[in-house]
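As the structure is a prediction and not an experimental result, all values here were calculated from the model. Throughout, numbering of the chain's residues begins at 1 and tracks the sequence.
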Amino acid sequence: MARDDIAAPLAANHEVERIEKTRKRTLGNVRLRHHETNEIILIPTPSSDPNDPLNWPQWYKWYMAVVICIAMTMCNFLAAGPSIAMVNITMDFFPGAHPGRNPKLFHTAVAQISYFFTTVALMQGVGNFFWIPVANKFGRRPTYVISYAIYLAMAIWLCFEKRYGAFLAGRIIMGFGAGAAETVAPITIADLFFLHERGTVMALYSSFLSVGAATGLVFSGIITINHHWRVIFQVASALIGFVLLIAFFAFPETAFTREVPSDSASSISGSGPPSEKAPPVSTTTRDLEHSQIVVTQKKKPYISSLKLFHGTLTTESFFKLVVRPLGLIILPPVLWASLVEAVTIGFLVAMTSNVEIAYEATYKFKSWQVGLCFIAALIGSIAGIPVGGKFGDVVADYFTKRNGGVRDPEMRLPAMIPALITAPLSLVLYGVGIEYKLHWMCPTMGIFLLNFAIVQGTNVALVYVIDCYRPVAGEVTLAVMGFKSLFGFLLSFYTNTWVTQSGYLNAYGTMAAISAAMLLGWIPLYFWGKRVRHATWQWRVISYVHWDDDREVGE
């Protein structure tokens with residue numbers, strides 16, 4: 001993909017417009033390659049303003065992507081990491097609870113301590129029903145800075161808090177602050193990178209969601225070898241503070257409003273289906289290069305970039321921005337992506353919520369040994385990056401070329417096949433390994449494969465729905481992540497009871513069957529997704545979530 005020639009927008013002409021009218025326009029459908037030269041067309045079209053993030057140097061865009069990945073890592077580091085010390089935390093808050101001397105009280109206490117982790121997972125999703133409207137209305141920069149300031153404050157407080165109720169409240173507020181980066185990241189990526197570049201960057205995003213949890217578990221386990229579990233919060237506080245400093249001093253605003261050309265396509269609104277709108281102005285490469293030589297604006301100074309607020313980005317009401325994700329979730333592509341996230345990440349949450357207890361009972365592992373097993377999760381997450389990103393781009397581009405240069409979002413879906421195989425297999429390996437006390441490598445291989453599937457499969461699914469509904473990428477991501485968090489919370493809440501009553505084999509075997517069923521959903525969407533998107537957009541209940549203009553292609 002990197003070696004492909006890039007075509008810049010061409011001046012409008014009768015011949016190109018005539019060719020564009022030969023295809024049917026549908027929501028999410030866009031010409032990505034020039035009909036004559038096969039060059040990649042830049043979407044969205046960059047302006048001539050040097051302050052436009054699309055015009056920033058490529059190395060600087062990748063610096064921003066690295067910062068986003070670090071923020072992603074830290075948002076899950078403290079959310080999941082301390083769970084590796086579940087036994088010690090339980091005995092600290094409930095002194096009479098001991099797995100050997102008083103197992104009944106211990107299991108009751110563990111259920112209460114698990115709220116420290118399940119509520120964080122819940123608030124990471126639910127809190128974004130506030131943060132995403134803020135990011136869309138007031139910008140990405142204030143969202144990152146304010147949310148991380150809350151996250152840091154709670155991390156420092158919990159280093160010292162010893163009351164159960166107050167500690168639980170602190171963890172809930174922590175989840176509210178920590179989750180913002182998880183959902184704002186895809187919007188930021190869309191601000192910085194062109195459509196044809198996003199697959200790989202989104203794979204990094206998906207990977208570091210898993211890397212954060214795995215890194216937290218590994219390092220937390222190592223810390224507990226010679227230190228009290230509260231040291232985990234002290235170390236995390238320093239790391240969170242470091243990320244907050246980077247966000248404040250070296251992470252400028254990425255939201256940028258581009259003027260839609262007067263001869264561009266009509267907007268998509270609630271008044272009619274996308275296929276009835278005029279086609280976008282077609283465009284050829286050297287013209288853009290010449291047009292960008294004339295730059296009337298000046299690069300904003302560094303001091304100006306430190307402003308927290310740069311004005312409002314949209315005239316839409318804050319209430320509509322809050323409600324829109326609730327309407328989007330009923331759209332079949334968004335619902336399917338939500339279910340994919342839920343049955344992969346949700347089952348990982350279920351796995352980590354009792355992994356220490358399972359490994360301790362089966363293999364007599366200590367906390368730090370269980371933590372080291374999550375190195376497999378790190379490796380799996382990293383291995384999933386090229387298969388979820390570059391491989392997805394290659395698959396989509398293959399079908400784009402076969403379709404005369406026109407990209408449909410569904411062209412990415414065949415890249416779901418690796419996750420369809422590895423996700424169910426991972427859950428079977430984990431359940432069988434623990435149930436029959438097989439070598440510890442068996443369930444650990446399950447951890448590896450599940451993290452691989454999360455990065456690979458969820459990235460393809462998320463990029464697919466963002467391609468379907470590009471102008472509301474933030475709200476789509478929020479709908480997907482919010483549903484995933486609710487499912488993960490409910491699942492982790494009942495995991496220990498489920499496993500106790502059914503056993504690891506039956507419980508995780510059922511999870512494997514559910515994950516396979518959800519992942520298979522890509523097949524009907526591949527064949528009928530375009531028709532489904534077009535039909536469901538006309539539902540009366542969806543009319544309220546329609547937007548005015550697609551900032552990328554003027555649809």
Side-chain angles (χ1 to χ4, degrees), residues 80-92 97-111 113-114 117 210 213-229 232 347-381 383 422-454 491-492 494-512:
S83 66
I84 205 68
M86 179 79 80
V87 173
N88 290 329
I89 295 174
T90 301
M91 291 190 293
D92 264 17
H98 191 278
R101 293 191 293 269
N102 196 341
K104 185 177 180 180
L105 177 60
F106 176 76
H107 288 297
T108 302
V110 164
I113 293 298
S114 67
F117 307 100
S210 299
T215 302
L217 290 164
V218 171
F219 280 90
S220 296
I222 294 173
I223 288 170
T224 58
I225 297 176
N226 296 313
H227 299 282
H228 193 273
W229 62 266
I232 299 170
F347 288 154
L348 178 64
V349 172
M351 186 183 290
T352 56
S353 68
N354 78 334
V355 66
E356 189 196 11
I357 296 171
Y359 273 64
E360 192 279 331
T362 306
Y363 307 113
K364 307 302 179 186
F365 276 16
K366 296 180 180 178
S367 295
W368 65 271
Q369 291 174 307
V370 180
L372 290 179
C373 288
F374 274 82
I375 293 176
L378 290 173
I379 298 172
S381 299
T422 54
L425 178 60
S426 67
L427 294 163
V428 169
L429 287 174
Y430 186 84
V432 170
I434 299 296
E435 180 77 17
Y436 292 110
K437 302 183 186 301
L438 303 180
H439 192 279
W440 61 269
M441 277 299 296
C442 182
T444 303
M445 181 58 69
I447 293 173
F448 163 81
L449 289 175
L450 183 56
N451 280 269
F452 171 86
I454 286 172
L491 188 63
S492 59
Y494 291 106
T495 296
N496 288 312
T497 304
W498 187 5
V499 169
T500 301
Q501 293 177 352
S502 303
Y504 282 92
L505 179 60
N506 289 333
Y508 282 90
T510 303
M511 292 182 197

Test side chain to side chain donor-acceptor pair (under 3.5 Å) on Glu356 and Ser367 and set out the steps.
CA-CA 7 Å; Glu356 189 196 11; Ser367 295; 2.5 Å; yes
Taking side chain as C-beta onward, heavy atoms only, is [X] less than 4.5 Å from [Y]?
X      : Y      : result
Tyr430 : Val355 : yes
Phe117 : Met86  : yes
Trp368 : Ile223 : no
His228 : Asp92  : yes
Leu427 : Met351 : yes
Leu372 : Ile375 : yes
Trp229 : Ile84  : no
Ser83  : Leu217 : yes

Would you be so kind as to tabulate the donor-acceptor pairs closer than 3.5 Å made by side chains of residues 358-365, with sequence neighbours excluded?
| unit_1 | atom_1 | unit_2 | atom_2 | d |
| --- | --- | --- | --- | --- |
| Tyr359 | OH | Thr444 | N | 3.3 |
| Tyr359 | OH | Thr444 | OG1 | 3.0 |
| Thr362 | OG1 | Ala358 | O | 2.8 |
| Tyr363 | OH | Gly433 | O | 3.4 |
| Tyr363 | OH | Leu438 | O | 2.8 |

The single option from Leu449, Leu348, Thr422 that satisfies side chain to side chain contact (heavy atoms under 4.5 Å, CB included) with Ile454 is Leu348
Nearest heavy-atom neighbours spanning Cys373 and Trp440
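For Cys373 and Trp440, the tightest heavy-atom pair comes out as SG-CE3, 4.2 Å.
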